[in-house]
Structures are given as C-alpha cells and as structure tokens.
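Inspection log for the structure reproduced underneath, given as structure tokens.
FYI, side chains are in, hydrogens and waters are out, and symmetry mates aren't considered; it's all heavy atoms of this structure. Note on naming: letters A, B, ... go to the chains in the order of the sequence lines (proteins, then strands), and numbering restarts at 1 for each one.
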There are 2 protein chains.
Amino acid sequence: MASSGFHTHDHVKCVAEALGALESYCQTEGLKFTTLRRRVFELLLEEHKAMGAYDILDRLRTEGFSAQPPVAYRHLDFLVAHGFAHKIERLNAFIACTHIGALHDPAFLICRECRTVSETMSDSSILALHHRASDADFQIEESVVEAIGTCPDCR
Amino acid sequence: MASSGFHTHDHVKCVAEALGALESYCQTEGLKFTTLRRRVFELLLEEHKAMGAYDILDRLRTEGFSAQPPVAYRHLDFLVAHGFAHKIERLNAFIACTHIGALHDPAFLICRECRTVSETMSDSSILALHHRASDADFQIEESVVEAIGTCPDCR
DNA sequence: TCACTATTGTTATACTATAACATCAGGAAA
DNA sequence: TTTCCTGATGTTATAGTATAACAATAGTGA
Ligand SMILES: [Zn+2]
Ligand SMILES: [Zn+2]
Ligand SMILES: [Zn+2]
Ligand SMILES: [Zn+2]
C-alpha cells in the first residue's frame with residue numbers, strides 16, 4: 001500500500017491497470033505502444049505527484065534515451081490527448097489520470113509542498129460555470145479546476 | 001457601452017471605478033499610487049481581455065517607460081497581491097478583477113479566440129472539492145477555476 | 001519495390017518568469 | 001539639516017517552460 005491522493009491504496013495494482021489500459025487502448029486505436037510512450041507513462045505513474053516536462057527529460061536522459069525537450073512534450077501531449085494524463089496548469093506540470101476510460105472533467109487537490117495530486121472526476125463549481133456560460137451563449141470546451149493547499153503529510 | 005464578459009455594460013464607468021478603488025486602497029493602506037502602478041492597471045482595464053506580461057511590457061516600451069521583464073511582473077504581482085487583478089493560469093496571462101473589494105474565489109469563462117474573459121465570483125462553499133478536501137484533511141488555500149471555450153462573437 | 005504514414009531524432013528558438021543587486025525618492029529620527 | 005530607513009524603480013543576467021521546423025527511420029500495404 002502507498003499513499004495517494006492523500007489516502008492509501010494498492011499502488012502496484014494502480015500502475016499495472018493503467019499500463020494495461022494504455023496498451024489495450026493503443027491496440028484498439030491502431031496506435032503503437034512504444035518504449036518511450038510506455039516509459040514516460042511509467043514515470044508519471046511512479047507516484048501521484050505532478051512532474052514537469054524537464055523532470056521527465058532528466059529521467060530519460062539518465063536512462064540513455066534521447067532527451068531533447070520535444071521528446072518529453074511529444075509523449076506527454078500524446079498521453080494528455082488520449083486521456084491518460086492531465087496537465088496541472090498551476091504547476092506547469094503533468095499527472096497520470098486516475099480515472100482512465102471515464103469521460104470526465106477532472107478537478108484536482110494539489111499540495112504545494114510535495115506536489116502530490118488527488119484527482120476528482122468532476123466538481124460542482126464547473127456546473128455553476130456551465131449555467132452561466134449557457135446564459136452568455138458561451139460554449140465551454142474544456143475546464144481547469146485546481147485547488148492548491150497543503151496535504152496532511154506536509155503539515 | 002462596450003462588450004465585456006460577453007454582455008454590454010458601461011465600460012467607461014467600469015474603468016473609472018476600478019482606478020478610483022485602487023487609488024483609495026493605496027491611500028488607506030499607505031501604499032503609493034505611482035504612475036507605473038496606475039498605468040499597468042489602466043492597460044489591463046482597457047478591455048476585458050487577458051494580457052501577457054510581455055504584452056504589457058511592449059505597451060510600456062512604446063510609451064517610453066523602462067521595459068525590462070521585472071517591471072511588468074512587479075506591477076502585475078502587486079495588482080494580483082492586492083486583489084485588483086487575477087492571473088489566468090491557462091493562458092499565462094493577467095486580467096483586471098471585476099469584483100474589486102469583494103473577498104472571492106474567482107471563476108473565469110475564457111474565449112480561446114479573442115481572450116475575452118468573464119469573471120464570476122464563485123461561492124467557495126459550492127465547491128465539491130472543499131467537501132472532498134475536508135474528508136482528506138487537506139487545507140485549500142487557493143483555487144483555480146477556468147473554463148475555456150468560444151464566445152458568441154467568435155462563432 | 002515503392003510510396004505512404006507514424007514515430008523519433010535534432011537543432012534552434014520563442015515565450016514566460018525570477019534572482020540579485022544598484023539606484024532613487026520620500027519620510028522619520030537624530 | 002543630516003542621517004537613516006523604507007518602499008519603489010532600474011538593470012543585468014539567467015532560469016524555466018514550450019514549440020517550430022525539418023531530418024531520419026521504421027513499419028505497412030499497394
Ligand atoms: Zn496509485
Ligand atoms: Zn483524469
Ligand atoms: Zn468594463
Ligand atoms: Zn476578481
């Protein structure tokens with residue numbers, strides 16, 4: 001068991017399921033489950049903490065991969081585009097999705113000390129905005145809901 | 001009348017009130033209402049659109065002010081710290097607050113085409129995240145709620 | 001074989017933000 | 001008045017984040 005999203009869970013299973021989901025997604029969509037795609041996702045999955053693109057890059061470099069900025073961004077963007085990761089705007093960083101396969105507008109609890117992130121599938125604050133948006137004839141395409149604070153472990 | 005937040009309003013009055021609020025705030029807090037503070041705020045107030053720090057800088061430069069990055073960030077940070085502006089994380093840009101003086105957790109509707117922003121005062125009690133946060137013994141210190149889409153004018 | 005497409009490699013550059021320190025102006029204390 | 005302190009501004013340099021553009025490669029199917 002490991003701490004995640006500020007509660008304990010079976011993280012080994014958590015990682016295995018996520019990797020399995022990416023592999024079968026790639027198969028059914030005709031995408032390649034390449035070494036780098038897998039490895040970048042594994043790095044994001046190691047802990048439930050936000051990682052910057054350049055953190056990823058440093059890890060890849062020590063493992064002997066090519067480590068120019070575009071390789072990190074390419075694979076992170078791939079994961080985000082297909083719903084396996086999210087960008088945390090407040091931190092300019094990335095996190096593995098913990099609700100893979102579910103259509104969702106994620107909301108995050110982010111510890112400013114340790115960068116641990118807990119993901120929720122939706123949040124009523126965005127519903128209020130949807131209401132206001134329809135009043136204004138505004139079409140919401142994407143939402144960012146992030147709460148920054150300190151987690152129990154960092155207090 | 002001008003369009004703002006996707007609805008018409010008296011923008012001349014809107015600007016005048018905001019500048020007046022900053023001036024009296026500075027007086028009561030013993031802060032100086034300097035030319036640059038005033039000018040940066042005026043630039044943000046020109047339209048209800050998010051402006052990047054370097055957009056501000058370009059404007060200052062054409063007006064003969066010193067235009068090194070720290071001058072833009074210093075005054076933008078000043079406005080944000082005292083509640084007269086907000087940072088739009090999704091755009092790495094800034095916007096004048098439209099609810100000056102009110103304690104609020106703002107939420108934004110942001111047009112991806114024209115960068116026009118409409119600000120809502122979200123009642124933080126409606127955040128489902130707060131509920132989840134207290135379950136997890138997580139203390140929220142700050143929130144980011146942004147919806148990105150297209151406004152009526154850009155369709 | 002050939003052509004096509006997806007993926008990866010590489011160089012260069014753009015965009016965003018802050019650290020650190022020098023200078024200046026105004027007000028309070030000596 | 002002179003000195004000192006504080007807040008504000010000026011300036012240089014650098015750190016951190018992200019993308020454009022194009023070359024090379026590998027696999028697929030005609
Ligand atoms: Zn886990
Ligand atoms: Zn998710
Ligand atoms: Zn207005
Ligand atoms: Zn506001």
What is the distance, to the nearest angstrom, from the [atom1] atom on [X] to the [atom2] atom on [N]?
X: A/Arg39; N: C/dT8; atom1: CZ; atom2: P; result: 15 Å
X: A/Tyr73; N: C/dT10; atom1: OH; atom2: C1'; result: 17 Å
X: B/Ile88; N: C/dA17; atom1: CD1; atom2: P; result: 12 Å
X: A/Gln68; N: C/dA12; atom1: CD; atom2: P; result: 10 Å

Just jot down the side-chain hydrogen bond (donor to acceptor under 3.5 Å, both in side chains) partners of A/Gln139, sequence neighbours excluded, or say none.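 Here no residue qualifies.
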
Find the bend of the helix from C/dT1-D/dA30 to C/dA30-D/dT1 as the angle between its two terminal axes (five pairs each), to the nearest 10°. 10°

Does the side chain to side chain contact (heavy atoms under 4.5 Å, CB included) test come out yes or no for B/Val145 and A/Asp123, once each step is laid out? CA-CA 10 Å; B/Val145 179; A/Asp123 183 87; 6.0 Å; no

Is a donor from one side chain sitting under 3.5 angstrom from an acceptor on the other, for [X] and [Y]?
X: B/Arg39; Y: B/Thr34; value: no
X: B/His7; Y: B/His9; value: no
X: A/Ser66; Y: A/Arg61; value: no
X: B/Thr150; Y: A/Glu141; value: yes

Within the side chain of [X], is there an N or O that forms a donor-acceptor pair under 3.5 Å with the backbone of [Y]?
X: B/His75; Y: B/Val71; result: yes
X: B/Arg112; Y: B/Ile148; result: no
X: A/His131; Y: A/Leu129; result: no

Phosphate OP1/OP2 of C/dA17: any B/Asn92 side-chain N/O under 4.0 Å: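 B/Asn92 to C/dA17 OP1/OP2: side-chain N or O found under 4.0 Å.
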
Student check: side-chain heavy atoms of [X] and [Y] closer than 4.5 Å:
X: B/His82; Y: B/Glu29; value: no
X: A/Cys97; Y: A/Glu119; value: yes
X: A/Leu79; Y: A/Phe94; value: no

Nearest-nucleotide 5' precedence on DNA chain D, B/Leu36 against B/Pro69: B/Leu36

Does anything in residues 74-82 of chain A come within less than 4.0 Å of DNA chain C? Heavy atoms only, and list the residues if so. A/Arg74, A/His75

Establish, yes or no, whether a centroid distance under 6.0 Å links the rings of B/Tyr25 and B/Phe33. no

Centres of the B/His86 and B/His99 rings: under 6.0 Å?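 No - the distance between ring centres of B/His86 and B/His99 does not fall below the 6.0 Å cut-off.
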
Tell me which residues in residues 52-66 of chain A put a heavy atom below 4.0 Å from DNA chain D, sorted by number, or none. A/Tyr54

First and last nt of DNA chain D near chain B, cut-off under 4.0 Å to heavy atoms, 5' to 3', are D/dA8 to D/dT12

Is it the case that B/Arg37 places NZ or CZ above or below the six-membered ring of B/Phe78, under 6.0 angstrom from the centre and within 45 degrees of the axis?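 Relative to the ring axis of B/Phe78, which defines the angle, B/Arg37 lies inside both limits.
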
Before giving the answer on salt bridge (charged side-chain N to carboxylate O under 4.0 Å, His left out), spell out for B/Arg155 and A/Asp137 the whole-Å C-alpha distance, their side-chain angles and the decisive distance to 0.1 Å. CA-CA 10 Å; B/Arg155 278 207 304 282; A/Asp137 192 24; 3.0 Å; yes

Extract from the structure each pairing of a protein N or O with an N or O of nucleotides 22-29 of chain C at less than 3.5 Å, listing the distance.
none

